[in-house]
Visitor: 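Before we start, here is the structure in question, set down as structure tokens.
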Number of protein chains: 4
Amino acid sequence: MNVKKKIVEQSIQLFEMKGFSETSIQDIVEALGVTKGTFYYYFDSKEQLLKDIHLTYIDDLLKLQEQIIGNSDMNYKTKLFETVKLLITQIKVTGRPARVFHREMMHLKPESVSMVKQKRKMFRLNMQKIIESGIESGEFRKDLRADLVTFAILGMCNWSYNWFDPNGPVTDEELVKTYMETLLNGISS
Amino acid sequence: MNVKKKIVEQSIQLFEMKGFSETSIQDIVEALGVTKGTFYYYFDSKEQLLKDIHLTYIDDLLKLQEQIIGNSDMNYKTKLFETVKLLITQIKVTGRPARVFHREMMHLKPESVSMVKQKRKMFRLNMQKIIESGIESGEFRKDLRADLVTFAILGMCNWSYNWFDPNGPVTDEELVKTYMETLLNGISS
Amino acid sequence: MNVKKKIVEQSIQLFEMKGFSETSIQDIVEALGVTKGTFYYYFDSKEQLLKDIHLTYIDDLLKLQEQIIGNSDMNYKTKLFETVKLLITQIKVTGRPARVFHREMMHLKPESVSMVKQKRKMFRLNMQKIIESGIESGEFRKDLRADLVTFAILGMCNWSYNWFDPNGPVTDEELVKTYMETLLNGISS
Amino acid sequence: MNVKKKIVEQSIQLFEMKGFSETSIQDIVEALGVTKGTFYYYFDSKEQLLKDIHLTYIDDLLKLQEQIIGNSDMNYKTKLFETVKLLITQIKVTGRPARVFHREMMHLKPESVSMVKQKRKMFRLNMQKIIESGIESGEFRKDLRADLVTFAILGMCNWSYNWFDPNGPVTDEELVKTYMETLLNGISS
DNA sequence: CATGAATGAGCTTTCATTCAT
DNA sequence: CATGAATGAAAGCTCATTCAT
């Protein structure tokens, strides 16, 4: 595997464990057995590395979301299900970058922040569109505020990065099913 | 107001804006017009200040939660409603510490972390208890996994610190009502 | 003597010997037996130190020039003589800062440069004024270009920082006398 | 044009603008669209490049000076005139290397410095010889100190690199004429 | 109670240089 | 001839912390 990729992966691991500010370039290169010079051969700055991580992550999410949205075989409930599954499963596959993604955005430069925020917003609006279409199609209740419901679902899913351990007693599939069931039918008896 | 309190409040403001690591003691004392010596008269370290902030915050939450739980006039739906309201409204009242609370825990020393985590866990388990009691009493569906539902609700509420602006078009009361309605009855038509 | 002053003097010595870029903060503080922290307690940056040196130097020159200009007992030839003497003698008194002053201006930030340049220009224009007044009074030839003559004199004097050793065989007084004599009467037989 | 020459010219331009220390090899090769390897194919070090620039410059000057000295058609006043013209005009033709030449000598290694200094000294002594011969021939005043007068003239000329803009209102020919006139006849009325 | 001087360890970054290909 | 990857030493600077007063 090439060095740049190794740096990215090692960084993600360290950022996730110790936080961005607490991770020094020294930490990263030492863990890889290279020198600081090597780091700066591949990256202009520590911030740029973080930006790369963020953009890669959100771009991947957006690409997978597109596949869900573009699939005309699914109804809107299924599309929502797949979206929730996407967010939760991402933890299993790429647990670490997810946590970095949700925590360290503040350390980006203003310009990088706005770039990332814009893409995150796009993801959210795509989700909202699914809700809105589902309302129109009659799959969801007519009286919903699609924007707030979207925020609620995103919160539910994203928060799980804080506690969900894919190797723990609850599987990711179980979690997705439970969340969707709760979401669709409510908890009231 | 005494100096210690001023330091805490100024710190919260700065931590919220720039992050814990990016805020220097110099920043804090300069903003207050005192010197570093003064800071170290009141606090042993920067970490201890953060610990104080965290403990004050979670202790306040726990105290308010106790009042909800101990109130025998409420049924469990109402208790859950009040809990959600407590979490969301906290943003309006104390928006800044909330964000600091949810972001900067990693900068605490291991011992401080475990102290805070334990109290956070207590808050969560108290919530879970409300769900479980509501299931027993027949207010909530019998087939719920109380633990996962609790995580879902916590995620929904806590995530709102990321986007909810109490001075924006949506009021906190509106948000609480919408969230509870969605939660209780689901989105399925 | 206080530490800040010591830092300035040590820096001047090192800048003069090795040049600004080649002198590290480490070099400066090591020579003084203090630490880098101490340096940055007194100065915001290396550049600011250089700016301080430049401004102190040119401000001193301007103050002394003022005394010459304001002295109504002198005719213009004498005033010019005193100005030349001022520039040459400065080497003897403050040899090192002079060389730093004439060499390292490029390492200042643009804003600092313009501040220093403005004051240098003022010195030059004051000199030019002496020439112009001397022309009017009949002490100097009517057909002189005061601006170019001023540049010529400045060059003559300032260049001496490149070779003149006040402890060498030629004394500063001798040099001033010779330069003035050459300047006033020319070399043509 | 060959690559080595391009490197030299680009370097001169950059050294003149930003200074030797502030110009990195990266800057140089990037401006030329080649790589660092290429640079080190042609030059052993950054210092060697600077040495090359210095030696080329002073060797050129010496060669031109020789032509002046060897021309038996000129009297000594004319020879001095031509020398002054040589120094001033060099700015117009090769403004940049001139400034580099007069500023960055300190960045050479001691051995290179002494080589350059020796040649500079030779130029100066050649000039001094002109003055001395002119004194003997009766063209210049008998009571001159040829050594100090030479320094004065050199200062006058070389200093002009600090302010003279060949594209400004004063032409180089005008400057040379004015300087020589002042020098020969003095400013006294 | 509070100050201001000083520390020292560590940080991000730069850069001349080397070298296998 | 030329490249691109890698090095390693050093640079400027930050900052939590200490302590005599």
Visitor: Look up atom OH in B/Y57 and atom CG in B/L62, then write down how far apart they are to the nearest 0.5 Å.
Guide: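 Atom-to-atom, B/Y57:OH and B/L62:CG are 11.0 Å apart.
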Visitor: Could you measure the distance from the OG1 atom of D/T23 to the CD1 atom of D/I12? Nearest 0.5 Å is fine.
Guide: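 Output value for this atom pair is 12.0 Å.
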Visitor: Mind checking what makes side-chain hydrogen bond (donor to acceptor under 3.5 Å, both in side chains) contact with B/Q10, not counting sequence neighbours?
Guide: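 Scan of B/Q10 (side-chain hydrogen bond (donor to acceptor under 3.5 Å, both in side chains), adjacent residues dropped) gives none.
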Visitor: Under 3.5 Å, which protein N or O atoms sit close to an N or O of nucleotides 13-15 of chain E? Give each pair with its distance.
Guide:
from	atom 1	to	atom 2	distance (Å)
E/dT13	OP2	A/Y40	OH	2.5
E/dT13	OP2	A/K46	N	3.0
E/dT13	O5'	A/Y40	OH	3.3

Visitor: Closer to the 5' end of DNA chain F via nearest nucleotide, is it D/T38 or A/T38?
Guide: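 Between the two, 5'-proximity favours D/T38.
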Visitor: Starting at atom CG of C/L49, determine the distance to atom C1' of F/dG12, rounded to an integer number of angstrom.
Guide: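 From C/L49 CG to F/dG12 C1': 13 Å.
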Visitor: Quick check for you: to the nearest 0.5 Å, what is the distance between C/K4 atom NZ and C/L49 atom CG?
Guide: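 C/K4 atom NZ to C/L49 atom CG measures 9.5 Å (nearest 0.5 Å).
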Visitor: Measure from the side-chain N and O atoms of A/E47 to the backbone N and O of A/K109, and report whether any donor-acceptor pair falls under 3.5 Å.
Guide: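 Pair found, side chain donor or acceptor close to backbone of A/K109.
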Visitor: B/K119: which residues meet the side-chain hydrogen bond (donor to acceptor under 3.5 Å, both in side chains) condition with it, sequence neighbours left out?
Guide: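 Expected list: B/D59.
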Visitor: Starting at CG of C/L32 and ending at P of E/dT7, how long is that distance when rounded to a whole Å?
Guide: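 In whole Å, E/dT7 P and C/L32 CG are 11 Å from each other.
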Visitor: Take the protein atom OH of C/Y42 and the nucleotide atom P of F/dG12, then report the distance between them rounded to whole Å.
Guide: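 After rounding, the gap between these two atoms is 20 Å.
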Visitor: Partners of D/D60 by side-chain hydrogen bond (donor to acceptor under 3.5 Å, both in side chains), sequence neighbours excluded?
Guide: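 For D/D60 there are no side-chain hydrogen bond (donor to acceptor under 3.5 Å, both in side chains) partners, ignoring immediate neighbours.
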Visitor: Choose from F/dA6, F/dT3, E/dT3 the nucleotide whose nearest atom is closest to any side-chain atom of D/T35.
Guide: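 Closest of the options to the side chain of D/T35: F/dT3.
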Visitor: Return the value, rounded to whole Å, for the distance between atom CD1 of C/I28 and atom P of F/dG12.
Guide: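 Whole-Å distance recorded here is 8 Å.
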Visitor: Give the dot-bracket line for DNA chain E from 5' end to 3' end: parentheses for intra-strand Watson-Crick or G-U pairs under 3.5 Å, square brackets for crossings, | for inter-strand pairing, dots for unpaired.
Guide: .||||||||||||||||||||
Visitor: Roughly how many Å is it from CD in C/E30 to C1' in E/dG8, rounded to a whole number?
Guide: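 Interatomic distance, CD of C/E30 to C1' of E/dG8: 14 Å.
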Visitor: Whether the side chain of A/K46 engages the backbone of A/F20 through a donor-acceptor N/O pair (distance < 3.5 Å, no angle test) should be reported.
Guide: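 Such a contact is found between A/K46 side chain and A/F20 backbone.
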Visitor: May I have the distance from D/Y41 (atom OH) to E/dT17 (atom C1'), rounded to whole angstrom?
Guide: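 Checked: the OH to C1' distance equals 18 Å.
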Visitor: For residues 22-38 of chain D, which residue pairs qualify under salt bridge (charged side-chain N to carboxylate O under 4.0 Å, His left out), counting only residues two or more places apart or in two chains?
Guide: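 As it turns out, the salt bridge (charged side-chain N to carboxylate O under 4.0 Å, His left out) pairs with a partner in residues 22-38 of chain D, which skip direct neighbours, are D/K18-D/D27.
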Visitor: I need the NZ-P distance between D/K4 and F/dC1, as an integer number of Å.
Guide: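 Checked: the NZ to P distance equals 12 Å.
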Visitor: How far, in whole Å, is F/dT21 from E/dC1 if one measures between their P atoms?
Guide: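 Roughly 22 Å separates the two P atoms.
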Visitor: Expressed as a whole number of angstroms, how long is the span from B/K6:NZ to E/dC1:P?
Guide: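 Atom NZ in B/K6 sits about 14 Å away from atom P in E/dC1.
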